[in-house]
Number of protein chains: 2
Amino acid sequence: MTVEKVTSQDVARLAGVSQSAVSRVFTPGASVSPAMAKKVHAAAAELGYRPNVLARSLITGRSRIIGLVVAYLENQFYPVAIEHLSRALQAEGYHILIFMAENSESQVADVIQELMDYQVDGIIAASVAMTHDLSERCAAAGIPVVLFNRDQDGQSHSAVTSANTIGGAKVAEFLIAGGHRRIAHIAGWQGSSTGRDRQKGFLDALAAAGREPVAVIDGMYTRDGAADAARQMMAMPDPPDAIFVGNDHMAFAVMDVLRSELGLSVPGDVSIVGYDDVPLSAWPAFDLTTLRQPVNRMVAATVETILGKIQDRTLKPRKIEIDGPLILRGSARIPEGWAG
Amino acid sequence: MTVEKVTSQDVARLAGVSQSAVSRVFTPGASVSPAMAKKVHAAAAELGYRPNVLARSLITGRSRIIGLVVAYLENQFYPVAIEHLSRALQAEGYHILIFMAENSESQVADVIQELMDYQVDGIIAASVAMTHDLSERCAAAGIPVVLFNRDQDGQSHSAVTSANTIGGAKVAEFLIAGGHRRIAHIAGWQGSSTGRDRQKGFLDALAAAGREPVAVIDGMYTRDGAADAARQMMAMPDPPDAIFVGNDHMAFAVMDVLRSELGLSVPGDVSIVGYDDVPLSAWPAFDLTTLRQPVNRMVAATVETILGKIQDRTLKPRKIEIDGPLILRGSARIPEGWAG
DNA sequence: CTGAAAGCGCTTACAG
DNA sequence: CTGAAAGCGCTTACAG
């Protein structure tokens with residue numbers, strides 16, 4: 001079992017042409033005569049030659065690799081996003097080098113450093129905290145950074161999110177219109193922009209209607225956090241009759257507590273609304289009413305932003321917010337004549 | 001915003017040493033005096049130098065990149081596996097270049113080819129079909145291949161699976177012991193080794209007990225396939241009182257049909273047993289009895305196998321089967337005094 | 001231990 | 001259009 005690396009030299013020799021000619025044949029847009037191309041392709045096919053992408057990257061300064069940093073995959077939103085991101089990038093000739101990181105500053109910093117060692121052309125950080133300093137370092141190194149489903153202060157990075165504040169407000173209006181009297185919120189992690197924005201939009205819209213939440217607890221984007229919050233709320237003397245939960249992943253945990261643990265009915269006793277619209281939400285077992293984050297459009301915007309910046313370094317970082325619809329299902333009372 | 005690439009030359013100049021010296025300081029195990037190391041580190045820190053991994057790879061012939069090919073991420077088993085795989089490989093200084101592929105031979109062949117262009121040190125194919133020819137090409141190129149959660153004929157690749165035949169048999173014995181009279185099977189995709197092995201183990205064990213399944217339908221590992229199969233089975237004059245479903249992902253769809261669509265009770269009317277034990281299975285909404293695939297051990301075996309082969313090319317490919325336990329939950333009647 | 005030199009497999013001006 | 005040459009940023013024998 002011989003491990004023979006076939007190089008452009010070998011092909012050149014067999015085809016009886018120069019090594020540069022071989023290189024040109026495999027460089028889109030380079031000028032080669034049809035005769036040359038034919039000879040070279042024949043020799044290449046015979047030897048099974050393909051250009052070494054790494055060697056090419058060393059010269060061109062582009063690796064066609066995008067680094068993706070992601071914290072955890074239990075929330076189905078992320079696998080779905082990764083799948084879309086990966087396919088979209090592949091279609092453009094790019095590939096994803098994936099790094100798992102704890103969502104801590106030092107971990108993320110280490111990971112980004114490793115990513116830079118690989119000479120990635122760009123970095124996508126999905127729901128992961130980046131310090132201001134870190135994103136400036138990337139910018140200084142000419143590596144575009146786009147935050148996916150999270151934003152933070154600073155102008156050195158781009159960010160793509162759904163319109164979280166508006167989304168939170170939509171849920172509030174929907175629950176009010178549904179005639180709910182005691183509305184509560186199990187918030188997304190308040191250390192994240194999505195958690196804060198959804199909560200702000202929700203509470204502001206409530207206030208605009210002269211209403212106040214009966215309870216607000218940070219669910220930390222975890223099942224345990226959400227489940228505990230649900231137990232606390234339902235143990236109140238006057239428990240809520242509607243809960244807006246900061247994402248679907250937590251909403252499932254809340255429904256589990258209400259139905260399996262407390263024997264309550266959803267939406268009979270409590271209406272539940274989530275945020276994301278992951279595939280699971282449509283399954284009959286949950287049938288969750290939720291504010292959809294349009295993954296497809298978020299991914300398209302992310303890919304366009306990062307590739308744009310790679311091709312034209314002078315482009316300014318931009319913040320994109322994409323509006324999503326409320327998806328009506330069976331977990332929350334639907335106001336009569338509701339049209340959104 | 002200047003994009004300055006700092007190279008070992010720059011560091012050498014600043015430190016007043018040769019470029020090779022700088023290289024040695026960043027090469028673990030190379031011989032350098034403490035004084036030299038200190039000078040170089042100081043200069044490197046000042047300039048923010050880090051070695052270019054791509055240039056290094058060109059010489060060493062190792063990229064420290066592992067290609068991962070995966071078909072779809074809706075089944076939660078895969079995100080979980082990717083997360084574990086990624087973390088385990090990161091801990092060893094390797095990283096994952098991820099490729100999504102349709103599970104078709106030509107698509108997979110294309111993807112593998114691209115992976116080889118990136119000079120990956122090894123390839124992990126998760127539940128994806130590889131032709132014999134393809135895995136031989138990788139072997140010829142000196143790139144170890146390990147199939148994760150799938151196997152097929154041929155000795156040119158390694159494979160890590162759970163003990164699927166034994167697992168299928170365990171489920172059969174459990175359902176028989178539970179006193180079920182009409183046992184059916186919604187099989188995993190029969191084009192896959194896992195689907196075939198689980199079915200074979202299940203049917204053989206049934207036969208060994210003098211029993212026959214009342215129905216066997218291929219669920220294709222999809223929600224739709226499984227849901228249709230469930231509808232067909234429940235429409236039989238004498239519907240099953242127990243169904244072994246080829247994986248958890250399908251089992252959820254089956255439970256949705258039984259409970260939400262047909263108004264049946266699980267396990268009151270029908271016992272359901274799945275295969276995988278994804279995190280979702282433990283959620284109260286499903287509470288699914290299932291044969292666990294020990295992801296941690298499967299991942300550990302995969303990492304060990306592929307890194308072993310990278311370090312020692314003479315190692316033979318190997319097939320590893322890892323036994324998993326039946327996890328008892330509420331979706332299937334538990335035989336009295338059952339101890340496994 | 002250290003430096004000068006060759007070379008990994010390519011791309012890309014530069015002549016012709 | 002084509003070839004000879006330089007060079008991308010490193011590692012690694014080879015002398016000293």
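The sequence lines fix the lettering, A, B, ..., with proteins before strands; numbering per chain opens at 1.
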Checklist entry - Are the charged groups of R318(B) and E304(B) less than 4.0 angstrom apart, N to O? => result yes
Checklist entry - Across the strands shown, which category fits Q9(A) at heavy-atom distances under 4.0 angstrom: base, sugar-phosphate, nothing? => result nothing
Item to check | Any residue meeting side-chain hydrogen bond (donor to acceptor under 3.5 Å, both in side chains) with E105(B), in chain and number order, not counting sequence neighbours | outcome: none
Next on the checklist: What contact category does S20(B) fall into here, base, sugar-phosphate, or nothing, at under 4.0 angstrom with non-hydrogen atoms?
Outcome noted: base
Checklist entry - Hey, does the side chain of S57(B) reach the backbone of R62(B) with a donor-acceptor pair shorter than 3.5 angstrom? => result yes
Next on the checklist: Students often get this wrong, so: under 4.0 angstrom with heavy atoms, is S31(B) touching a base, only sugar-phosphate, or nothing?
Outcome noted: base
Next on the checklist: Measuring from atom CD1 of I123(B) to atom CZ of F99(B), what distance do you get when rounded to the nearest 0.5 angstrom?
Outcome noted: 9.0 Å
Item to check | Under 3.5 Å donor-acceptor, D117(A) side chain and L115(A) backbone | outcome: no
Next on the checklist: Can you list everything that forms a salt bridge (charged side-chain N to carboxylate O under 4.0 Å, His left out) with E83(B)? Sequence neighbours excluded, please.
Outcome noted: R87(B)
Checklist outcome for this item: One should read off an interatomic distance between D153(A) CG and S135(A) OG, to the nearest 0.5 angstrom, of 10.5 Å
Checklist entry - Reading DNA chain D 5' to 3', how would its secondary structure be written in dot-bracket notation, given Watson-Crick and G-U pairs with both distances under 3.5 Å, brackets [ ] for crossing pairs and | for partners on other strands? => result |||.||||||||.|||
Checklist outcome for this item: In numerical order, the residues of residues 37-61 of chain A whose heavy atoms come under 4.0 Å of DNA chain D are L58(A), I59(A)
Checklist entry - Mind checking which nucleotides bracket the chain A contacts on DNA chain D, 5' to 3', with an atom under 4.0 Å from a heavy atom? => result dC1(D) to dG9(D)
Checklist entry - To the nearest 0.5 Å, what is the distance between OG1 (T7(B)) and CZ (R13(B))? => result 6.5 Å
Checklist entry - Side chains of R50(B) and F26(B): closer than 4.5 Å at any heavy-atom pair? => result no
Checklist entry - What's the spacing between Q119(A) CD and I65(A) CD1 if we round to 0.5 Å? => result 9.5 Å
Checklist entry - Measuring from M116(A):CE to L134(A):CG, what's the distance to the nearest 0.5 Å? => result 8.0 Å
Item to check | Any D151(A) side-chain heavy atom under 4.5 Å of H157(A) side chain | outcome: yes
Next on the checklist: At a heavy-atom distance below 4.0 Å, what parts of residues 21-30 of chain A sit against DNA chain D?
Outcome noted: A21(A), R24(A)
Item to check | Donor-acceptor contact below 3.5 Å, side chain D110(A) vs main chain Q107(A) | outcome: no
